[in-house]
Enquirer: 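Following this message is one structure expressed as structure tokens.
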Amino acid sequence: MMTELLVAVAVIAALSALLALLLLTADAVLLAYGECTLTINEEEEKVVEGGNSLLAGLMDEGIFVPSACGGRGSCGLCKVKVLEGGGPLLPTEMPHLTEEEREDHWRLSCQLKIRGDMALELPEEILSLQEYKTRVKRITELNYDTRMVRLEMVEPPELKFKAGQYIQLQTPAYGLTPEPVYRAYSMASPADRRDYIELIIRRVPGGICTTYVFELLEEGDEATVNGPYGDFVLSETDREIVFIAGGSGIAPIRSILFQMEREQNPRRATFFYGCNELRDLYLVEEMREFEQKVPNFEYVPVVARHEGEWDGETGLVTEAVDRRVEDCSDTEVYLCGSPGMIDASVKLLQGKGLTEERTFYDKFA
Amino acid sequence: MTAQMLIIFFSAIFTDNILLARFLGMCSFLAVSRQIKTAVGLGAAVTFVLACTSVLNWFVYHRLLVPFGLEYLRFIAFIIVIAAFVQFVEIVIERFSPVLYYALGIFLPLITVNCAILGVSLFMIIREMGAVMSFFYGAGSGVGWALAIIAMAGIREKMQKARIPKGLEGPGITLIIAGIMALAFLGLAGALTPPQ
């Protein structure tokens, strides 16, 4: 009886061990890719351990490819150009790549595994993405629920960005979150000042990051950001410009206005800024100053409801745009704000001749 | 000999369909039969695994368990072999065909718990088949299972436009259809007589 039991255990154990050994060997032999060399833009070579996703492999090397979903293949932001060693296109990449992108060797770096040497082409913007240690220099109350936070660069001492781009502000672990989370905020400061950035942050009741900014963050504190990201930047044409923003959507447009002031940009530009009540309005004086300093700029604040004295535009921002903008067939439109406001404005202006390639927007997520 | 193999093969597909006659492998049959495309992928994977594991398990049973008098351990031994084999196939596919690997996705590991696979291995013992015959029986059962799930996927694709009584939506109507399909396959019984 005892021997029978032992034999049974031994046989099953031997069978399991044999199969486990087979799997371990297969895993070690078949799935070992060894050290792989990533050649970036034909100049830089990085040696990484194979088997990881390209996104993770690049991050280990300090190259931050933008990704909003964290590598699950749902946001489609982590596209990079793989010239050699990418292998066949995977079904999980298909939905995010257009026909032209596929022919142009674009791949989704979070889905692609590093299986051998690869040659990559990364845009300059991605290579310049990194993490910055900063110090809170100044917090300015813009109105009852919005503040402007100026962060002074500490390490590295300069952040190079284009007007209209955004960074991700790290919220460290605290009461509302067990682990650090990141939220995107546009730079509101002039892009030629690389030693600091200014962010305009509106309080979201219960928001993890805004509660941190409003309740915990004080002048002198340290803060971590990474970036810069985004392609919401001024084009290099001489077309007329319409800016439309609501709430803290004024931030990237403020930065673009600093740029236009510096360049003495002669393009005709109109900025429609929508808010609910008079008390929501801020930075009005600064915008009036831009009207003086930028050659052909006009600021049009639009207030939906007002009780006090107000001789400006009233109603929804789309109503004011409808009244003032007649023809959009040769105009570029830059929008920043809530998805509802953006969609309504784009729909309205498409009726006036706006096309997709002349529409630029930065939707609040 | 050859004729017998062919009879085994075709009877496993039509008259003794593992899914419609034995109702084995129902979970993935119900879960993954919404689209023909995915049904074909899963069907092919199941067929391959069935054909291989039935032979593997034949050797495990007759060369390892029988000599030690451990026939009663066949359930656990078969499950271990099936799980390891599926894992092995997964590694091989990932290495040599990443496209197929991503296309099959979650289906591959799901095969491990498909009771049709274990069922075939057990039937093969009960019916006292030889190694070669087990291969044909396994392959035929796989094709039969694939045929059933693809047919079901075709019906369900058509059914998307149909108005189904509220209470029968989803698994309800699928089970009813599976039953009717089983009845239809029953009509083929007698056309081929598998050697018992």
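Side-chain atoms are counted along with the backbone in the values below, which use heavy atoms only and exclude waters and symmetry mates.
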Enquirer: Mark yes when over 12 heavy atoms from residues, nucleotides or ligands other than B:Arg95 sit less than 6.0 Å from its CZ; otherwise mark no.
Expert: yes

Enquirer: If you count the non-hydrogen atoms of other residues, nucleotides and ligands that lie under 6.0 Å from CD in A:Glu42, is the total more than 12?
Expert: no

Enquirer: What do you reckon, is OH of A:Tyr361 surrounded by more than 12 foreign heavy atoms closer than 6.0 Å?
Expert: no

Enquirer: If you count heavy atoms of other groups shown closer than 6.0 angstrom to CD of B:Glu71, is the number above 12?
Expert: yes

Enquirer: Examine whether an atom of A:Leu89 lies under 4.5 Å from a heavy atom of chain B, and if so say whether it belongs to the side chain, the backbone or both; otherwise answer neither.
Expert: backbone

Enquirer: To the nearest 0.5 Å, what is the distance between CD1 (B:Ile80) and CD1 (A:Ile12)?
Expert: 5.0 Å

Enquirer: Nearest 0.5 Å, please: how far is CZ in B:Phe88 from CG in A:Leu30?
Expert: 6.5 Å

Enquirer: What part of B:Leu70 lies closer than 4.5 angstrom to a heavy atom of chain A: side chain, backbone, both or neither?
Expert: side chain

Enquirer: With a 4.5 Å cut-off on heavy-atom pairs, point out which of A:Gly87, A:Ala8, A:Ala26, A:Ser16 contacts chain B the most.
Expert: A:Ala8

Enquirer: Measure distances from B:Val60 to the heavy atoms of chain A and classify the residue's part below 4.5 Å as side chain, backbone, both or neither.
Expert: side chain

Enquirer: Could you check whether atom CD of B:Glu128 has more than 12 heavy atoms from other residues, nucleotides or ligands sitting under 6.0 Å from it?
Expert: no

Enquirer: Report the distance from atom CG of A:Leu19 to atom CD1 of B:Ile82, rounding to the nearest 0.5 Å.
Expert: 11.5 Å

Enquirer: Using heavy-atom distances under 4.5 Å, tell me whether A:Leu15 contacts chain B through its side chain, its backbone, both, or neither.
Expert: side chain

Enquirer: Please look at B:Tyr72 and chain A and tell me whether the side chain, the backbone, both or neither of the residue comes under 4.5 angstrom of a heavy atom of that chain.
Expert: side chain

Enquirer: With a 6.0 Å cut-off (strictly less than), is the heavy-atom count around CG of B:Leu175, excluding the residue itself, greater than 12?
Expert: yes

Enquirer: Tell me if the OH atom of A:Tyr132 is crowded by more than 12 foreign heavy atoms within 6.0 Å.
Expert: yes

Enquirer: Testing the basics here: between A:Arg115 and B:Glu94, what is the closest heavy-atom pair and its distance to 0.1 Å?
Expert: NH1-O, 3.1 Å

